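Remarks on the structure that follows.
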Amino acid sequence: MSLGVNEIRRGLAKGKFSSVEITRDYLARIARYNPTLNCFISVTDEIALAQARAADAALAKGNAGTLTGVPLAHKDLFCTDGVRTSCASRILDNFIAPYDATVVANFKRDGAVMLGKTNMDEFAMGSSNENSYYGSVANPWNTGHVPGGSSGGSAAAVAAGLAPGATGTDTGGSIRQPAALCGVTGIKPTYGRVSRYGMIAYGSSLDQGGPFARSAEDCALLLQTMSGFDARDSTSSEQAVPDFGAALGRGIDGLRIGLPKEYFADGLDGRIAAVIETAIGELRRLGADIRDISLPNTRLSIPTYYVVAMAECSSNLARFDGVRFGYRCENPVDLEDLYKRSRGEGFGAEVKRRIMIGTYALSAGYYDAYYLKAQQLRRMIKDDFQQAFTDVDLILGPTTPEVAFRIGAKTDDPVSMYLQDIYTISLNLAGLPGMSLPVGFVDGLPVGMQLIGNYFDEAGLLNAAHSYQQVTDWHLQAPELEA
Ligand code: GLN
């Protein structure tokens with residue numbers, strides 16, 4: 001089995017292996033398995049080895065940072081200076097970012113090594129990674145199935161041991177849902193915790209970056225690097241960032257955990273419900289006080305999200321016009337032709353669908369009926385959570401209604417695809433932190449459990465997940481790979 005982030009860090013500190021050695025191991029695994037899995041859009045071998053050599057020099061001098069020499073991967077929507085940043089879109093296929101996203105700069109500051117840029121749904125729109133210009137990603141547990149999306153390349157890379165940790169972004173579930181479907185741990189922090197500077201925007205009021213890794217302990221370390229106030233992001237929070245690692249190991253005796261009845265209702269695969277029940281039993285044995293709660297407006301979350309997210313994306317994606325960034329059509333006859341054909345040829349079908357629906361929802365005459373109404377519902381969804389958190393410390397449920405489905409099974413039915421996010425999307429509307437951790441299998445495919453925390457309580461989430469992972473080993477299971 002491949003190593004975790006903390007294990008690598010300890011191994012490097014003790015001189016068990018060098019960063020160059022471990023980086024070469026990962027690059028070799030990527031070369032071997034990526035042709036089947038398609039987790040990476042770009043592999044940055046040369047950068048990785050140069051960073052690894054620099055890390056080994058720093059380790060030798062004794063001035064290592066928290067992640068010095070640890071190889072990691074970034075979702076291909078974080079801008080990386082001098083490296084292609086495609087957002088899995090044809091329109092950015094030739095885009096070399098001229099600067100680093102704050103998240104990427106933070107990883108550099110702390111000494112991490114970049115293995116490459118991971119595959120995703122185009123502009124982070126999707127739940128299966130099938131909307132990538134670079135093709136689908138295969139789920140390492142069963143390559144005929146999707147890894148989830150939109151951060152499917154990052155989740156699959158960690159599951160397959162092609163990286164010990166990776167970054168992702170979550171607008172409606174894109175960290176938690178692929179983490180669940182690939183059997184890894186992933187956390188979406190509170191809106192504002194992680195800087196969005198240099199993270200290509202989808203729905204700006206919903207987007208948050210976060211890490212994937214095997215364990216909560218590893219996620220704590222990665223989230224530490226990612227978090228913090230950034231003056232270059234106007235919605236960045238000034239809340240102090242606690243020491244996430246130090247918060248682990250507090251135990252969960254007496255912790256009040258709420259089970260929303262709406263998350264265990266129709267639409268949930270009964271076999272997933274049974275796996276979650278077993279995990280709840282484990283938490284109860286650890287001393288958790290399990291309570292029934294209600295989030296009555298849950299059913300409004302999907303329609304609300306798809307109005308807000310599409311409205312915001314139609315505005316955010318207006319900047320891709322064939323003039324300033326990326327793809328430009330051949331031989332335009334005039335400016336309008338240049339815009340139309342560059343966008344028409346550069347964007348994929350799902351992105352176009354969303355730009356059109358979003359533009360419609362924002363247009364004069366419809367704004368009040370759709371966008372304004374969605375903002376009102378968003379407030380009701382947020383109020384449900386605030387009410388629930390007067391009675392409980394954390395909320396628990398399944399991350400997804402089904403395990404990973406077959407590639408192609410839902411591509412002709414966008415609404416069924418959108419329903420995959422039924423349990424994850426409301427957190428983004430409310431701005432709350434949430435995480436997914438592996439708790440078992442159905443049909444040989446991983447099941448994820450979601451934990452939801454109150455604002456800025458990432459430490460509480462990580463501690464609860466860590467407590468569970470101390471007494472179970474689902475997070476340590478690894479798929480057998482087909483070479
Ligand atoms: N599946 C959702 C969507 O398609 C969420 C994606 C995301 O979180 N980026 O919008």
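Ligands are counted one by one from 1 in listed order, and the atoms in each one are counted from 1 as well. Source: prediction; values computed, not measured. Values reported hereafter were calculated over all heavy atoms of this structure, with side chains retained and with hydrogens, waters and symmetry mates removed.
- Under a 4.0 Å heavy-atom criterion, Ala309 is not in contact with ligand 1.
- With a 4.0 Å heavy-atom cut-off, ligand 1 is reached by the side chain of Tyr202 but not by its N, CA, C or O.
- Between Tyr305 and Tyr202, the angle of the ring planes goes over 60°, which puts this pair in the perpendicular group of the 30/60° scheme.
- Distance from atom 6 (C) of ligand 1 to its nearest protein heavy atom, with residue and atom name: Ser174 OG, 2.8 Å.
- Listed by atom number, the atoms of ligand 1 under 4.0 Å from Ser150 heavy atoms are 9 (N).
- A donor-acceptor pair under 3.5 Å is formed between the side chain of Thr85 and the backbone N or O of Val83.
- For ligand 1, the atoms sitting less than 4.0 Å from at least one non-hydrogen atom of Asp170 are 8 (O), numbered in the order shown with element in parentheses.
- For ligand 1, the polar-atom distance check against Ser127 finds a nitrogen or oxygen pair separated by under 3.5 Å.
- Minimum interatomic distance between Arg84 and Leu92 (heavy atoms only, all atoms of both residues): CG-O, 4.5 Å.
- The side chain to side chain donor-acceptor pair (under 3.5 Å) with Lys75 is formed by just one residue from the set Ser150, Ser174, Ser154; it is Ser150.
- Contact atoms of ligand 1 toward Gly172: 5 (C), 7 (C), 8 (O) (distance under 4.0 Å to a heavy atom of the residue).
- At the top of the distance list for atom 5 (C) of ligand 1, counting protein heavy atoms only, stands Tyr305 OH, 3.3 Å.
- Residue contact check for ligand 1: Gln177 places no non-hydrogen atom closer than 4.0 Å to it.
- Of the possible polar contacts, one joining the Ser236 side chain to the Asp230 backbone as a donor-acceptor pair under 3.5 Å is found.
- Under 4.0 angstrom from ligand 1, there are no non-hydrogen atoms of Lys188.
- Between Tyr306 and ligand 1 there is a heavy-atom distance shorter than 4.0 Å.
- At the shortest separation from atom 1 (N) of ligand 1 among protein heavy atoms lies Asp421 OD2, 2.6 Å.
- Phe405 carries Lys410 over the face of its six-membered ring, with the cationic atom under 6.0 Å from the centre and within 45° of the normal.
- Listed by number with element, the atoms of ligand 1 under 4.0 Å from a non-hydrogen atom of Ala124 are 6 (C), 7 (C), 9 (N).
- Aromatic ring centres of Phe347 and Tyr133: separated by at least 6.0 Å.
- In this structure Tyr263 satisfies the side-chain hydrogen bond (donor to acceptor under 3.5 Å, both in side chains) test together with Ser426, sequence neighbours excluded.
- In this structure, the ring of His74 has its center less than 6.0 angstrom from the ring center of Phe107.
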